[in-house]
Amino acid sequence: MADQISVTLPDGSSKGLPAGATTADLAASIGRSLAKAAVAGVVNGHEVDLTAPLPDGAEVSVITDTSEEGRAVLRHSTSHVMAQAVLQLWPGAKFAIGPPVKDGFYYDFELPDGQHFTDEDLERIEARMREIVAEDQPFVREEHSVDEGLELFADQPFKVEIIHGVREADTADTGDMAATEGAEAGVVSAYRNTDRFVDLCRGPHVPSTKRLGHFKLLNLAAAYWRGDEKRPQLQRVYGTAWESKAQLDEHLWRLEEAKKRDHRKLGEELDLFAFDPDVGRGLPLWLPKGTVIRDELEAWARETERRWGYQRVVTPHIARGALFRTSGHLPYYQEDLYAPIDIDGDDYYLKPMNCPHHHMVFKARAHSYRELPLRYAEYGNVYRYEKSGALFGLMRARGFTQNDAHIYCSKADAKEEFLAVMRLHAYYYEALGIDDFHMVLALKDPKNTEKYHGDDDMWEEAERLTRDAMEESGIPYVEELGGAAHYGPKVDFIIRSAIGREFAASTNQLDLYMPERFDLRFTNAHGVQEHPAVIHRAPLGSHERFVGFLLEHYAGNFPTWLAPVQVQVLPVAADHREYARGVVDRLFDDGYRVELVEADEPLGARIRHGKLQKVPYILVVGGQDIEGGTVGVNHRGDERPDRDVPIDEFIERLRAEVATKARW
RNA sequence: GCCGGGUUAGCUCAGUCGGUAGAGCACUGCUCUUGUAAAGCAGAUGUCGUCGGUUCGAUCCCGACACCCGGCUCCA
């Protein structure tokens with residue numbers, strides 16, 4: 001056996017090391033800072049512990065703690081520390097799985113005797129975790145046979161179940177869990193910290209608990225064992241962990257910021273919308289100020305769509321069951337519909353989507369190819385019976401208004417029309433300052449084909465057209481198996497808010513199926529009847545979700561064109577009221593949303609109230625302004641006021657800002 | 001829908017070992033007449049989420065339900 005080995009580094013160079021050298025040794029031989037930052041290695045494409053000996057000739061790279069892979073290792077190791085702490089504090093507790101997730105980790109537990117964690121327990125667990133970290137416990141990898149593994153975890157039923165997965169593993173697909181949890185191909189791997197604590201795990205892990213420490217436990221939640229609502233419900237403890245205190249603090253700051261930007265909180269503070277149990281769960285009431293935002297968005301979309309060749313239609317909120325049986329919503333999606341209303345012995349349903357009604361609009365007249373494409377737009381109110389636990393403010397409501405339209409065109413034009421819709425999305429997003437978005441192409445799940453209607457040729461054609469259009473759009477996208485609509489592939493636009501949270505803004509589909517189902521037809525150039533293609537699109541999604549998103553994205557600071565109150569005028573003292581009134585009237589006549597704030601409170605207090613309401617412009621007018629025909633301009637976000645601005649100059653600034661839909 | 005935690009004034013929250021309750025902000029009135037992020041005084045405000053049970057007595061204990069929050073599941 002040679003006493004030297006040679007490994008290849010990511011840059012293609014090779015490096016000689018003594019036999020038995022590890023990734024840690026490799027990192028140390030390259031540099032001290034790399035050695036310090038290293039948390040694991042990748043050997044021939046597999047993640048390994050720093051302490052694992054390197055095989056001769058391997059391709060090796062070092063995972064550092066600032067990479068997402070490195071953080072995942074830290075988080076995974078931290079989850080083991082948490083499990084150890086919990087098992088020590090609650091003897092007899094059962095532990096299930098504890099993977100790293102985005103920004104942190106969790107672990108699922110079942111406490112003995114029906115006990116459950118409380119928020120105070122998080123501090124106890126965390127305190128014990130800090131002791132474990134201070135104890136500098138090693139993570140030592142062990143490999144066992146299946147039988148040894150079953151013995152080792154004999155009192156841990158969830159671990160036993162995972163290991164049993166291995167029995168079938170030799171031939172069958174065990175699913176991801178068995179693999180990530182350390183039971184693969186007849187070998188059970190585990191990581192031991194002390195005589196008393198060992199956890200089933202694939203690894204890799206940091207060499208010692210002292211490598212950890214920048215973590216915090218965040219919240220408790222419930223989770224089903226293996227995500228199956230028929231299986232036992234466990235208690236999940238979520239935490240976050242980072243490579244440095246600075247990163248941890250920044251993440252905690254982001255969480256605080258997310259709370260401040262919570263659209264439900266802002267909606268209340270800014271008087272935008274409300275819910276009332278007597279109206280019904282998930283049924284938002286738009287207050288006057290919130291309605292301004294909705295209306296402005298809608299007016300803009302209406303004008304934009306007029307220019308882009310859409311026509312408006314209006315359809316009822318309900319329809320007979322017959323319509324939804326044709327569309328396939330009944331009986332397939334019956335659970336998601338509000339219960340039927342009996343009218344003269346016939347069943348009527350609140351519409352969950354606008355498309356069936358729009359198809360009937362199309363069908364109301366005969367069409368020639370010369371008229372196509374026909375683009376029917378409607379801000380249609382739809383109602384869906386969302387599960388109560390899924391409701392989330394405006395983001396997931398049971399009644400909402402879609403910025404909806406359906407485009408009827410020939411298959412030959414479908415790609416170009418689809419592309420135009422994507423351009424329209426990009427246009428809207430750019431105007432609103434949404435600069436981080438991508439698309440997801442949801443295809444049908446090949447393992448579960450009976451869920452989908454229509455034949456293979458149709459699906460293939462729809463997929464091809466969709467993918468071609470996406471390619472041509474230049475907008476980044478990913479593909480995802482499963483998740484298609486029952487009638488065709490689906491494109492979701494995912495938009496990311498200023499604090500990095502992602503939302504599915506809208507779903508767009510190229511649909512070759514419903515036209516057959518509804519027997520929609522047009523006469524082509526050869527005088528032959530043909531089915532059109534249909535594009536379902538809603539760039540602004542639902543007004544509810546979109547305004548909720550914008551609330552978070554802007555932190556409530558709506559650009560002036562959308563702001564419920566655009567300008568407040570504050571006379572310094574009662575003597576200046578008449579002048580202030582004149583300024584207000586002028587702005588009002590020009591169509592702005594403006595308020596006079598009487599001088600019955602000190603100026604500072606009135607300024608403060610306006611700022612808290614996030615009013616873009618607070619104008620202060622006093623004796624000096626009366627003399628010069630000026631206003632004192634307080635622009636939202638600016639530290640200092642801009643004094644003695646001629647009123648005409650201010651109005652021009654306001655006009656330009658609103659006309660261009662400027663962000664600030 | 002499932003599990004856990006909640007629900008006290010418009011909002012944020014305190015409190016009652018079971019004897020029907022309080023603060024700050026907001027609100028109303030009066031005074032102050034203010035040049036850039038909280039003027040002063042006074043006042044009013046609650047079925048203590050709803051219904052039922054236990055009790056001499058329930059906001060408090062028990063049960064059911066409603067709603068909210070965190071997740072899970074779901075999401076045309």
**Student:** Identify whether any heavy atom of A/L337 sits under 4.0 Å from a base atom; if not, whether one sits that close to sugar-phosphate; answer base, sugar-phosphate or nothing.
**Tutor:** base

**Student:** Would you indicate what A/A605 reaches in the nucleic acid, counting non-hydrogen atoms under 4.0 angstrom: base, sugar-phosphate, or nothing?
**Tutor:** sugar-phosphate

**Student:** Expected output check: what is the dot-bracket annotation of RNA chain B, where ( ) and [ ] are pairs inside the strand (brackets for crossing ones), | is paired with another strand, and pairs are Watson-Crick or G-U under 3.5 Å?
**Tutor:** (((((((..((((.....[..)))).(((((.......))))).....(((((..]....))))))))))))....

**Student:** Grab the CG-P distance between A/L570 and B/U33 for me, whole Å please.
**Tutor:** 18 Å

**Student:** At under 4.0 Å between heavy atoms, what does A/E269 touch on the DNA or RNA strands: base, sugar-phosphate, or nothing?
**Tutor:** nothing

**Student:** Rounded to the Å, how far apart are A/L287 CG and B/G10 P?
**Tutor:** 16 Å

**Student:** Checking side-chain polar atoms at under 3.5 Å, does A/Q334 have a donor or acceptor matched by the opposite partner on A/Y349?
**Tutor:** yes

**Student:** Please classify the nucleic acid contact of A/R264 as base, sugar-phosphate, or nothing, using heavy-atom distances under 4.0 Å.
**Tutor:** sugar-phosphate

**Student:** Ignoring hydrogens, what is the shortest heavy-atom contact between A/P352 and A/F324? Give both atom names and the distance.
**Tutor:** CD-CE2, 3.6 Å

**Student:** Hey, can you pull the donor-acceptor pairs under 3.5 Å for the side chains in residues 487-495 of chain A, sequence neighbours left out?
**Tutor:**
unit_1 : atom_1 : unit_2 : atom_2 : d
A/Y487 : OH     : A/Q509 : OE1    : 2.6
A/K490 : NZ     : A/G483 : O      : 3.4
A/D492 : OD1    : A/T507 : OG1    : 2.8

**Student:** Can you tell me, in whole Å, how much space there is between the C1' of B/C25 and that of B/U20?
**Tutor:** 26 Å

**Student:** Would you kindly check whether a donor in the side chain of A/D625 faces an acceptor in the base of B/G35, or vice versa, at under 3.5 angstrom?
**Tutor:** yes

**Student:** Could you state the interatomic distance from CG (A/D108) to OG (A/S79), rounded to the nearest 0.5 Å?
**Tutor:** 10.5 Å

**Student:** Is the centre of the A/Y477 ring less than 6.0 Å from the centre of the A/H438 ring?
**Tutor:** no

**Student:** Quick check: A/F400 with A/Y383 (ring centres under 6.0 Å apart)?
**Tutor:** no

**Student:** What is the minimum heavy-atom distance between A/A414 and A/I535, and which atoms define it?
**Tutor:** O-CD1, 3.8 Å

**Student:** Starting at atom CG of A/D276, determine the distance to atom P of B/U50, rounded to an integer number of angstrom.
**Tutor:** 14 Å

**Student:** Using atom C1' in both nucleotides, what's the gap between B/U8 and B/G49 to the nearest angstrom?
**Tutor:** 10 Å

**Student:** Regarding A/H543 and A/N403, is there a side-chain donor-to-acceptor distance under 3.5 Å anywhere?
**Tutor:** no

**Student:** Expressed in angstrom and rounded to an integer, what is the separation of A/Y338 atom OH from B/C75 atom C1'?
**Tutor:** 15 Å

**Student:** Does A/Y333 make a side-chain N or O approach to OP1 or OP2 of B/C74 shorter than 4.0 Å?
**Tutor:** no

**Student:** Assign each of A/R608 and A/V572 to its nearest nucleotide of RNA chain B by heavy atoms, then name whichever residue's nucleotide is nearer the 5' end.
**Tutor:** A/V572

**Student:** Under 3.5 Å, is there a donor-acceptor pair between the side chain of A/Q566 and the main chain of A/T560?
**Tutor:** yes

**Student:** Which nucleotide, B/C67, B/U34, B/A37, lies nearest any side-chain atom of A/P277?
**Tutor:** B/C67

**Student:** Would you please indicate yes or no on a ring centroid separation below 6.0 angstrom for A/F95 and A/F158?
**Tutor:** no

**Student:** When you compare the side chains of A/Y333 and A/R384, does any donor N or O come within less than 3.5 Å of an acceptor on the partner?
**Tutor:** no

**Student:** Check the interface with nucleotides 41-47 of chain B: list each N/O to N/O pair with the protein under 3.5 Å, or write none.
**Tutor:**
none

**Student:** Can you tell me if the side-chain N/O atoms of A/R236 get under 4.0 Å from OP1 or OP2 in B/G71?
**Tutor:** no

**Student:** Would you say the base of B/C74 and the side-chain of A/R384 have a donor-acceptor pair closer than 3.5 Å?
**Tutor:** no

**Student:** Does anything in residues 388-402 of chain A form a side-chain hydrogen bond (donor to acceptor under 3.5 Å, both in side chains)? List the pairs, not counting sequence neighbours.
**Tutor:** A/R294-A/T401, A/N354-A/Q402, A/N381-A/T401, A/E386-A/R396

**Student:** Counting only side-chain heavy atoms from C-beta out, which of B/A39, B/A37, B/U36 sits nearest to A/N634?
**Tutor:** B/U36

**Student:** Across nucleotides 25-31 of chain B, 5' to 3', mark each nucleotide with B, S or - according to how protein heavy atoms within less than 4.0 Å reach it.
**Tutor:** -S-----

**Student:** Is the centre of the A/F109 ring less than 6.0 Å from the centre of the A/Y107 ring?
**Tutor:** yes

**Student:** Using atom C1' in both nucleotides, what's the gap between B/C2 and B/A38 to the nearest angstrom?
**Tutor:** 46 Å

**Student:** List, with names and distances, any nitrogen or oxygen atoms from the protein found under 3.5 Å away from nitrogen or oxygen atoms belonging to nucleotides 11-13 of chain B.
**Tutor:**
unit_1 : atom_1 : unit_2 : atom_2 : d
B/C11  : O3'    : A/E268 : OE2    : 3.1

**Student:** At 4.0 Å (heavy atoms only), tell me whether A/H536 reaches a base, stays on the sugar-phosphate, or touches nothing.
**Tutor:** nothing

**Student:** Looking only at atom P, what distance separates B/A23 and B/G15, rounded to whole Å?
**Tutor:** 15 Å

**Student:** Can you check whether A/H359 and A/F518 have ring centres sitting under 6.0 Å from each other?
**Tutor:** yes

**Student:** Determine the contact category for A/F275: base if any of its heavy atoms lies under 4.0 Å from a base atom, sugar-phosphate if only primed atoms, P, OP1 or OP2 are that close, otherwise nothing.
**Tutor:** nothing

**Student:** May I ask you to say what A/R643 touches in the nucleic acid, namely base, sugar-phosphate or nothing, with a heavy-atom cut-off under 4.0 Å?
**Tutor:** base

**Student:** For B/G29 and B/U12, measure between their C1' atoms and round to the nearest Å.
**Tutor:** 25 Å

**Student:** Are A/F549 and A/F503 an aromatic pair by the rule of ring centers under 6.0 Å?
**Tutor:** yes

**Student:** Contact class for A/G604 vs. all strands (heavy atom < 4.0 Å): base, sugar-phosphate, or nothing?
**Tutor:** sugar-phosphate

**Student:** Can you tell me how far C1' of B/U73 sits from NZ of A/K387, to the nearest Å?
**Tutor:** 5 Å

**Student:** Both A/T507 and A/G623 contact RNA chain B. Taking the nearest nucleotide for each, which residue is further toward the 5' end?
**Tutor:** A/G623

**Student:** Can you check the distance between B/C48 and B/C56, where both ends of the measurement are the P atom (answer in whole Å)?
**Tutor:** 23 Å

**Student:** Expressed as a whole number of angstroms, how long is the span from A/Q613:CD to B/A38:C1'?
**Tutor:** 15 Å

**Student:** Rounding to the closest angstrom, what is the interatomic distance between B/C13 and B/U7 at atom C1'?
**Tutor:** 13 Å

**Student:** Between the side chains of A/E378 and A/T315, does any donor sit under 3.5 Å from an acceptor?
**Tutor:** yes

**Student:** Check every atom of B/G35, B/A37, B/G71 against the side chain of A/L603 and return the nucleotide holding the closest atom.
**Tutor:** B/G35

**Student:** For A/L218 and B/G70, what is the distance between atoms CG and C1' respectively, to the nearest whole Å?
**Tutor:** 12 Å

**Student:** Taking only side-chain N and O atoms of A/R606, does any of them lie within less than 4.0 angstrom of OP1 or OP2 on B/U36?
**Tutor:** no

**Student:** Nearest to the A/A390 side chain among B/G70, B/C74, B/A37, which nucleotide is it?
**Tutor:** B/C74

**Student:** Tell me: CG of A/L391 to P of B/C74, nearest whole Å?
**Tutor:** 16 Å

**Student:** Using the P atom on both, measure B/C3 against B/C60 and round to a whole Å.
**Tutor:** 24 Å

**Student:** For the atom pair CZ (A/F558) and CZ (A/R636), what is the distance rounded to the nearest 0.5 Å?
**Tutor:** 9.5 Å

**Student:** With no hydrogens and no angle check, do the side chains of A/Y408 and A/H358 hold a donor and an acceptor under 3.5 Å apart?
**Tutor:** no

